[in-house]
Amino acid sequence: MTPPMHTPPGVVGQRGWGPWAVAAACVVALLAAAFLPVLGFLVWMYGGPDIDEARAAADRFVQHLEQNQDDTAYRSMCSEVKDRITVEEFTEAVERLGRPVSHDLGRAGFGNEAGSSAFVTVRLTGGSGATTSVSLRLETEPDWRVCSDTFG
């Protein structure tokens with residue numbers, strides 16, 4: 001019979017790398033799990049839809065109103081609105097609101113996660129100097145189109 005292994009006094013027993021490897025694997029897994037949503041968000045923010053395109057469409061729409069090009073502005077509206085009102089009714093709504101002579105674009109944001117709907121706030125200035133703030137709703141059809149009820 002062999003005597004049991006005895007560690008001499010002053011020498012600490014040697015442990016394996018097992019517990020440290022498990023702890024390191026857990027930390028790496030936790031960091032990877034936290035990093036995936038952040039990476040997805042960054043890809044969506046920088047590789048996803050661009051709000052500047054919706055802002056540009058709203059800007060062009062209002063410029064057409066300022067230049068008295070109601071036909072062109074009407075054509076840049078979504079089919080949902082064009083099915084509901086005629087060009088003449090659209091022109092009447094613009095005149096009722098007060099034809100703008102200048103405008104300032106305000107805040108813009110997406111209306112849904114897919115980025116196919118957006119809202120752009122526009123401050124319209126009429127010939128008398130009176131200002132009206134409107135929120136234009138835009139949808140992609142496939143280009144950005146104004147779908148607001150503001151003008152009909």
Under a single-linkage rule joining Ile, Leu, Val, Met, Phe, Trp and Tyr whose side-chain heavy atoms are separated by less than 4.5 Å, which residues share a cluster with Leu31?
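The other cluster members (ILVMFWY side chains, heavy atoms under 4.5 Å, direct or chained) are Val27.
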
Do you know the tightest heavy-atom contact between [X] and [Y]?
{"X": "Phe61", "Y": "Val146", "answer": "CG-CG2, 3.7 Å"}
{"X": "Leu138", "Y": "Ala54", "answer": "CD2-O, 3.7 Å"}
{"X": "Ile85", "Y": "Tyr74", "answer": "O-OH, 2.6 Å"}
{"X": "Arg123", "Y": "Asp104", "answer": "NH2-OD2, 2.6 Å"}
{"X": "Pro100", "Y": "Val62", "answer": "CG-CG1, 4.5 Å"}
{"X": "Val101", "Y": "Gly126", "answer": "CG2-O, 3.5 Å"}

Is it true that a side-chain atom of [X] and a backbone atom of [Y] form a donor plus acceptor pair closer than 3.5 Å?
{"X": "Arg145", "Y": "Arg75", "value": "yes"}
{"X": "Arg137", "Y": "Cys147", "value": "yes"}
{"X": "Arg55", "Y": "Arg107", "value": "no"}
{"X": "Glu53", "Y": "Trp144", "value": "no"}
{"X": "Ser148", "Y": "Ser135", "value": "yes"}
{"X": "Glu95", "Y": "Glu92", "value": "no"}

Drop me the distance from [X]'s [atom1] to [Y]'s [atom2], to the nearest 0.5 angstrom.
{"X": "Leu124", "Y": "Leu136", "atom1": "CG", "atom2": "CG", "result": "7.5 Å"}
{"X": "Ser76", "Y": "Lys82", "atom1": "OG", "atom2": "NZ", "result": "8.0 Å"}
{"X": "Arg84", "Y": "Cys78", "atom1": "CZ", "atom2": "SG", "result": "7.5 Å"}

Single-linkage hydrophobic cluster, 4.5 Å side-chain cutoff, Phe110 and Phe119 together
no

Passes side chain to side chain contact (heavy atoms under 4.5 Å, CB included), Asp70 versus Arg99? Steps please.
CA-CA 10 Å; Asp70 293 345; Arg99 183 167 300 279; 2.7 Å; yes

The test is side chain to side chain contact (heavy atoms under 4.5 Å, CB included); show your working for Leu97 and Val134 and say whether it passes.
CA-CA 10 Å; Leu97 184 65; Val134 296; 4.3 Å; yes

Less than 4.5 Å apart, side chain to side chain, heavy atoms only: is that true for Thr72 and Arg60?
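No, their side chains stay 4.5 Å or more apart.
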
Taking the side chain as every heavy atom from C-beta outward, state whether Gln69 and Gln63 have any pair of such atoms under 4.5 Å apart.
no

